[in-house]
Amino acid sequence: MSLPFRTFVRNFSTSGLKKNAIKNVTIIGGGLMGAGIAQVAASTGHSVVMVDQNTDILNKSKANIEKSLQRVVKKKYAEDPKAGEAFLSQVLGNLALETDAATSVKKADLVIEAIVENLKIKQELFKNLDMAAPASTIFASNTSSIPIKEIAVATERADRFGGLHYFNPVPMMKLLEVIRIPQTSDETFDKLLAFGKAMGKVTVNCKDTPGFIVNRLLVPYMMEAVRMVERGEATPKDVDTAMKLGAGYPMGPFELTDYVGLDTCKFIIDGWHEKYPDHPLFAPSPLLNKYVAEGKLGNKVGEGFYKSKK
Ligand SMILES: CCCCCCCCCCCCC[C@H](O)CC(=O)SCCNC(=O)CCNC(=O)[C@H](O)C(C)(C)COP(=O)(O)OP(=O)(O)OC[C@H]1O[C@@H](n2cnc3c(N)ncnc32)[C@H](O)[C@@H]1OP(=O)(O)O
Ligand SMILES: NC(=O)c1ccc[n+]([C@@H]2O[C@H](COP(=O)([O-])OP(=O)(O)OC[C@H]3O[C@@H](n4cnc5c(N)ncnc54)[C@H](O)[C@@H]3O)[C@@H](O)[C@H]2O)c1
């Protein structure tokens with residue numbers, strides 16, 4: 001539907017930039033995903049506030065961002081180290097750290113939640129943010145598996161709520177799944193799509209169905225991998241080798257689980273098992289549960305199915 005001319009003109013400032021474009025972004029959760037989202041948003045000219053529970057965690061998140069940025073600079077500015085330094089300081093200049101979520105959203109155009117994969121904790125967070133953020137602020141969750149509508153119900157802004165599902169590692173994975181619920185307004189959805197593109201992502205439009213698109217296909221594949229090992233039919237190493245050399249995947253399922261985090265994987269499966277108790281696919285995995293119980297959560301703690309290289 002084409003915009004009336006006067007609306008078209010109103011939406012553009014004299015500089016030609018879209019006047020209502022998302023500029024100020026708050027990321028709640030500075031873990032694997034939140035730090036990556038903050039890094040890419042700051043690298044693409046957005047003003048970013050990254051929030052986590054304490055300054056120790058935030059300092060570790062920032063250190064991870066700097067490590068990742070060094071890898072980007074080494075590749076992108078190999079011929080011009082000075083430009084690389086300028087890029088690095090510009091990106092870090094776009095990034096602020098905050099432990100108080102309510103303060104962090106005062107000027108936010110968009111809030112992206114990337115905290116633990118737990119519905120009640122996400123709902124509690126958004127309920128509090130709903131009271132602190134301006135009415136115009138859009139809320140989005142980076143959840144892997146929880147229905148966006150079940151998170152949005154904790155707020156009074158379902159029309160300004162959507163899903164932005166990024167992929168790990170965010171600086172390298174081009175895809176962004178943009179999810180709308182029935183109440184998401186066209187304006188909100190358009191802004192989320194435009195923001196994804198402004199971050200350099202290729203967006204796909206998703207309905208609020210279990211696993212959206214990628215995880216709907218990825219979870220069955222990865223769960224069958226772990227059942228194969230539980231049945232004694234193959235080792236994790238051979239399954240990974242087979243999928244890399246036989247199917248051309250950059251990582252096998254067990255390497256990927258270490259990369260994603262065994263805790264997050266367990267949260268996903270436990271959530272779907274609770275919702276669909278009779279579905280055999282989501283029956284808990286004794287092997288995955290054993291590793292999580294032993295604290296072997298993957299690369300982020302140095303060991304999962306494998307001991308981490310780096
Ligand atoms: C099996 C047990 C059962 C488990 C149950 C499962 C149930 C739940 C499962 C669902 C989980 C869903 C999670 C989520 O919702 C959805 C996802 O995110 S799924 C994950 C998607 N991502 C992938 O599949 C990643 C696949 N891997 C890759 O693409 C590549 O391996 C890589 C990560 C890009 C790394 O590249 P490689 O070439 O392999 O290796 P290098 O590490 O040497 O990197 C090369 C080069 O790339 C640049 N680079 C790499 N990483 C970064 C980074 N983080 N930041 C910046 N730059 C990076 C860099 O230039 C590297 O060169 P170097 O610096 O090493 O010189
Ligand atoms: N790990 C992946 O590959 C991946 C990919 C896509 C989406 N996701 C989703 O992203 C979300 C985060 O996953 P992750 O892997 O980054 O987890 P993570 O454990 O690495 O990070 C979660 C962060 O949230 C913080 N946190 C928890 N509760 C908080 C609160 N109330 N306020 C502020 N910060 C809080 C934690 O301190 C931690 O730093 C989950 O919903 C997950 O399903 C994960």
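What you see below is based on every heavy atom in this structure, not just the backbone, and it leaves out hydrogens, waters and symmetry mates. Counting starts at 1 for both ligands and their atoms, following the listed order.
Of the listed residues (Pro250, Ala225, Pro220, Pro236), the one carrying the non-hydrogen atom nearest atom 28 (C) of ligand 1 is Pro250. Considering only non-hydrogen atoms, atom 57 (N) of ligand 1 lies nearest to Met172 out of Lys244, Met228, Met172, Met251.
Of all protein heavy atoms, the one closest to atom 18 (P) of ligand 2 is Lys300 NZ, 3.9 Å. Nearest protein neighbour of atom 10 (O) of ligand 2, counting heavy atoms only, is Asn142 ND2, 3.0 Å. Closest protein heavy atom to atom 6 (C) of ligand 2: Tyr166 O, 3.2 Å. Closest to atom 27 (C) of ligand 2 among all protein heavy atoms lies Gln53 NE2, 3.5 Å. Closest protein heavy atom to atom 39 (O) of ligand 2: Asp52 OD2, 2.7 Å. Annotation: atom 1 (N) of ligand 2 to nearest protein heavy atom, Val260 O, 3.0 Å. Nearest to atom 4 (C) of ligand 2 among the protein's heavy atoms is Met33 CG, 3.3 Å. Of the protein's non-hydrogen atoms, the one nearest atom 11 (C) of ligand 2 is Ile115 O, 3.2 Å.
The atoms of ligand 1 that sit less than 4.0 Å from any heavy atom of Asn215 are 12 (C), 14 (C), 15 (O), 16 (C). Taking a cut-off of under 4.0 Å to the non-hydrogen atoms of Met223, the atoms of ligand 1 that pass are 5 (C).
Enclosure of atom CD in Glu233 by more than 12 non-hydrogen atoms of other residues, nucleotides or ligands within 6.0 angstrom is indicated. Applying the 6.0 Å contact sphere to CD of Glu230 captures more than 12 heavy atoms from other residues, nucleotides or ligands.
Contact between Met33 and ligand 1 is absent, with no heavy atom of the residue lying under 4.0 Å from the ligand. Proximity of Tyr249 to ligand 1 is not established, as no heavy-atom distance is less than 4.0 Å. Within the structure, ligand 1 lacks Lys67 among the residues with a heavy atom less than 4.0 angstrom away. Assignment of Ala114 to the shell around ligand 2 is supported, since a heavy atom sits closer than 4.0 Å.
Each of Leu119, Val116, Ile146 was checked for a side chain to side chain contact (heavy atoms under 4.5 Å, CB included) with Phe267, and the lone residue meeting it is Val116. Considering Thr26, Leu125, Asn24 in turn, Thr26 is the only one that fulfils the side chain to side chain contact (heavy atoms under 4.5 Å, CB included) rule with Val111.
No donor-acceptor distance shorter than 3.5 angstrom exists from the side chain of His165 to the backbone of Glu177, with no hydrogens or angles considered.
Separation of the Tyr249 and Tyr221 ring centroids falls under the 6.0 Å cut-off. Residues Tyr291 and Phe305 bring their aromatic ring centres within 6.0 Å.
With respect to the salt-bridge test (charged N to carboxylate O, under 4.0 angstrom), the residues Lys290 and Glu294 qualify.
With a 4.0 Å cut-off on non-hydrogen atoms, Glu124 does not touch ligand 2 at all. With a 4.0 Å cut-off on non-hydrogen atoms, Ile57 touches ligand 2 through its side chain and not its backbone. Neither the backbone nor the side chain of Tyr259 has any atom closer than 4.0 Å to an atom of ligand 2 (non-hydrogen atoms only).
Of all the heavy atoms in Pro280 and Arg227, the pair that sits closest is O-NH2, 3.4 Å.
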